[in-house]
J.: 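I'd like to ask some things about the structure below.
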Amino acid sequence: MCRNTFVAVGVFSGALNILLLSGSMFMLQVYDRVLPSRSVPTLVGLVVIVAVLYAFQGLLDLIRTRILVRVARDVDDVLSTRVYDALIRPPFGREASARGLQPLRDLDQVRGFLASAGPTALFDLPWMPVYLALCFAFHVWIGIAGLVGAVILLAVTLSTEFMSRSPARKVAALGALRSSLAEASRRNGEVLQAMGMARRMAERWSEINGRYMAAHQSAADVTGGFGAFSRVLRMALQSAVLAVGAYLVIREEATAGIIIAASILTSRALAPVELAVAHWRSFMGARQSWRHIGDLMRRLDSNGQPMPLPAPASDLSVEGLSVAPPGQVRLVVNDVRFRLEKGQGLGIIGPTGSGKSSLARALVGVWPPVRGKVRLDGAALDQCTPDSLGRHVGYVPQTIELFEGSVSDNIARFEPDPDPAAILAASRAAGVHELILRLPDGYDTPVGEAGIDLSAGVRQRLALARALYRDPFLVVLDEPNSNLDADGDQALTHAILGVRRRGGIVIVVAHRPSALMGVDMVLALNGGQVQAFGPKDEVLRKVLRPAPARLADLKLVPDVIGSVP
Ligand SMILES: Nc1ncnc2c1ncn2[C@@H]1O[C@H](COP(=O)(O)OP(=O)(O)OP(=O)(O)O)[C@@H](O)[C@H]1O
Ligand SMILES: [Mg+2]
């Protein structure tokens, strides 16, 4: 698609460049034909012809820019959703977060360049030799003047590129640092205010900002300097051609018309070079960004598109599962194996940093396993598409974010046509229905960054409702009760028992023992390894038996004794 369009733009550019000669030709005719013959009809005829040519020229230019803007839009259409996918896909999640939203910015850069005057300069560049040849056709000296000018301008372009490369890189790096610091400060504004860190953070920011500005200035000095030089050079060149022409006229080797026409022609010939100098920076940037996007797409494609998964209904088996955070080699979960039948509930306990959350992420497929498999009804998670898997999985992460939208949008996982009955069922199952009714606009209350501030407990229960929406087979809850009161605990236990009763499997990472009420199995994790797995009472007894010193690092253990029935 793009190739044909670019061929069309090339053809348009060709026609345009031929039409661009009309001004010089008109002048040549006026000086050499109309003025000596003093013929008004000839002049009128020429004016009409040149007016028509100008109209065509304007039209072609307009169409050419419009085509390029649309190409830019098409490129964005084709790529933007895939780039967005790449941003949130876990294998690149870490790299993506290291580079922040860079892939999106890359795409913007490519689109911005395509829609700018940059590409037209590239299309006009090949015409430069034609113009120069015409200059030579007028007179060899005029041609030489033009050629020398072109060579100097090209040299300026290349030195601009060479000299500005490292300052530009510095600007980009400092710019990224600056915005990430500003973003982190904005997000953690409360902390900065409350603990008097605001002043120190402001100093840090202003230090980085100062370095960014200095780098920016030196980069701008380089490009600006060369830009000014090339602009002046072009004007000087035009005068030089005029002078050469005048000399030739005095020597009676050329007509007056030729001087003017040649001077216009040389400046035409050099215009694309000057445009190229002006757009060089963005061209290089766009090329770099295009490469990054290409790399990203190739890695995405190599993952292939697996088959959709039939709805699982009987069991979950975890076989020799080892997990490392994306992009790292250190295993944080090591050789975990267990099996759960439908209707079972598993509590995962263990000290802080023992890998509970990492195991939970691997169970729902957000972190791909380093070794081993997670299977639902025998189908490994990596054999199914995230979309089809998502329908069978409910997940409450340890830190909860709601998205920009209403309460019901969030519970319905932003389905385009959500089922109100299913939303109600999920919020009832999570015991959050009454709480939602008390919000200002009930289910339509806006939440997320621009919405109302919900308490941590309400957010947690909304996240539970989102996890339970449309009764997924596997429900994984990572410390779902860390902000809950007694009512919330009861609702949670109720929800856990509800999932089990309807034949689902529920896994709860427990922080407080109240969350273990609804489960029948327990897995104790320590240092990423399974310490014990089995029926709840058995495991708790086993884990509790070691010396009291060991109890200290099982953070839930002391109250377990008293509160688990
Ligand atoms: N996104 C991440 N990138 C790199 N390392 C991580 C990441 N998340 C967790 N880890 C590491 O994995 C190990 C296990 O962390 P994990 O969050 O799974 O522990 P946890 O048992 O859930 O702890 P807690 O009870 O505090 O929630 C830790 O050493 C942690 O540093
Ligand atoms: Mg955790």
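Every number for a ligand or one of its atoms is a count from 1 in the order of the listing.
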J.: Between Asn481 and Leu484, is there a donor-acceptor pair closer than 3.5 Å when you use the side chain of the first and the backbone of the second?
T.: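 No: the side chain of Asn481 does not pair with the backbone of Leu484.
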J.: Could Arg186 and Glu183 be called an ion pair, given the rule that one side-chain N must be under 4.0 Å from one carboxylate O?
T.: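 Judged by the 4.0 Å cut-off on N to carboxylate O distance, Arg186 and Glu183 do form a salt bridge.
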J.: Counting only heavy atoms from other residues, nucleotides and ligands, does the tally under 6.0 Å from CD of Glu207 exceed 12?
T.: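 Above 12, so yes.
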J.: List every atom of ligand 1 that sits less than 4.0 Å from any heavy atom of Thr352, numbering the atoms from 1 in the order shown and giving each element.
T.: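 Going through ligand 1 atom by atom, the ones under 4.0 Å from Thr352 are 23 (O), 25 (O), 26 (O).
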J.: Show all protein N/O/S atoms under 2.8 Å from the Mg ion (ligand 2), or state that there are none.
T.: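 As for protein N, O or S atoms lying under 2.8 Å from the Mg ion (ligand 2), they are Ser357 OG, Gln398 OE1.
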J.: Which of the atoms of ligand 1 are close to Glu479, meaning less than 4.0 Å from one of its heavy atoms?
T.: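 Close to Glu479: 25 (O).
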J.: When the ring planes of Phe403 and Phe414 are compared, do they come out parallel, tilted or perpendicular, using 30° and 60° as the limits?
T.: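 Perpendicular.
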J.: Which of the atoms in ligand 1, numbered in the order shown and given with their element, are less than 4.0 Å from a heavy-atom of Arg330?
T.: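 Checking each atom against Arg330, I get 11 (C), 29 (O), 31 (O).
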J.: Between CG of Asp106 and CZ of Arg291, what distance do you get to the nearest 0.5 Å?
T.: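 Reported value, rounded in 0.5 Å steps: 12.0 Å.
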J.: Look only at interatomic distance and state if Gln398 has a nitrogen or oxygen under 3.5 Å from any nitrogen or oxygen of ligand 1.
T.: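 Yes.
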J.: Between Glu434 and Arg438 (salt bridge meaning N to carboxylate O under 4.0 Å), is one present in this structure?
T.: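 Salt bridge: no.
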J.: Which of the numbered atoms in ligand 1 are below 4.0 angstrom from a heavy atom of Ser358?
T.: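 Counting from 1, the qualifying ligand atoms are 12 (O), 14 (C), 15 (O), 16 (P), 18 (O).
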J.: Hey, which atoms in ligand 1 end up nearer than 4.0 Å to a heavy atom of Gln328?
T.: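 Going through ligand 1 atom by atom, the ones under 4.0 Å from Gln328 are 4 (C).
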J.: Check Arg337 with Asp335, please: is the shortest side-chain N to carboxylate O separation under 4.0 Å?
T.: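 A salt bridge links Asp335 with Arg337.
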J.: Is any N or O atom of Val332, backbone or side chain, closer than 3.5 Å to an N or O atom of ligand 1?
T.: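 So ligand 1 has no N or O lying under 3.5 Å from an N or O of Val332.
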J.: Taking only non-hydrogen atoms of Gly350, do any sit less than 4.0 angstrom from ligand 1?
T.: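 Per 4.0 Å heavy-atom rule, Gly350 does not contact ligand 1.
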J.: Ion pair present between Asp478 and Arg361, side-chain N to carboxylate O less than 4.0 angstrom?
T.: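 Judged by the 4.0 Å cut-off on N to carboxylate O distance, Asp478 and Arg361 do not form a salt bridge.
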J.: Taking NZ, NE, NH1 and NH2 as the nitrogens, is one of them in Arg339 or Glu341 under 4.0 Å from a carboxylate oxygen of the other?
T.: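 Answer for the salt bridge query: yes.
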J.: Below 4.0 angstrom, N of the basic side chain to O of the carboxylate: do Asp471 and Arg502 qualify?
T.: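 Here Asp471 pairs with Arg502 in a salt bridge, since their nearest N and O are under 4.0 Å apart.
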J.: Heavy atom under 4.0 Å from ligand 1: found in Pro325's side chain, backbone, both, or neither?
T.: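 Within the 4.0 Å criterion, Pro325 contacts ligand 1 through side-chain atoms alone.
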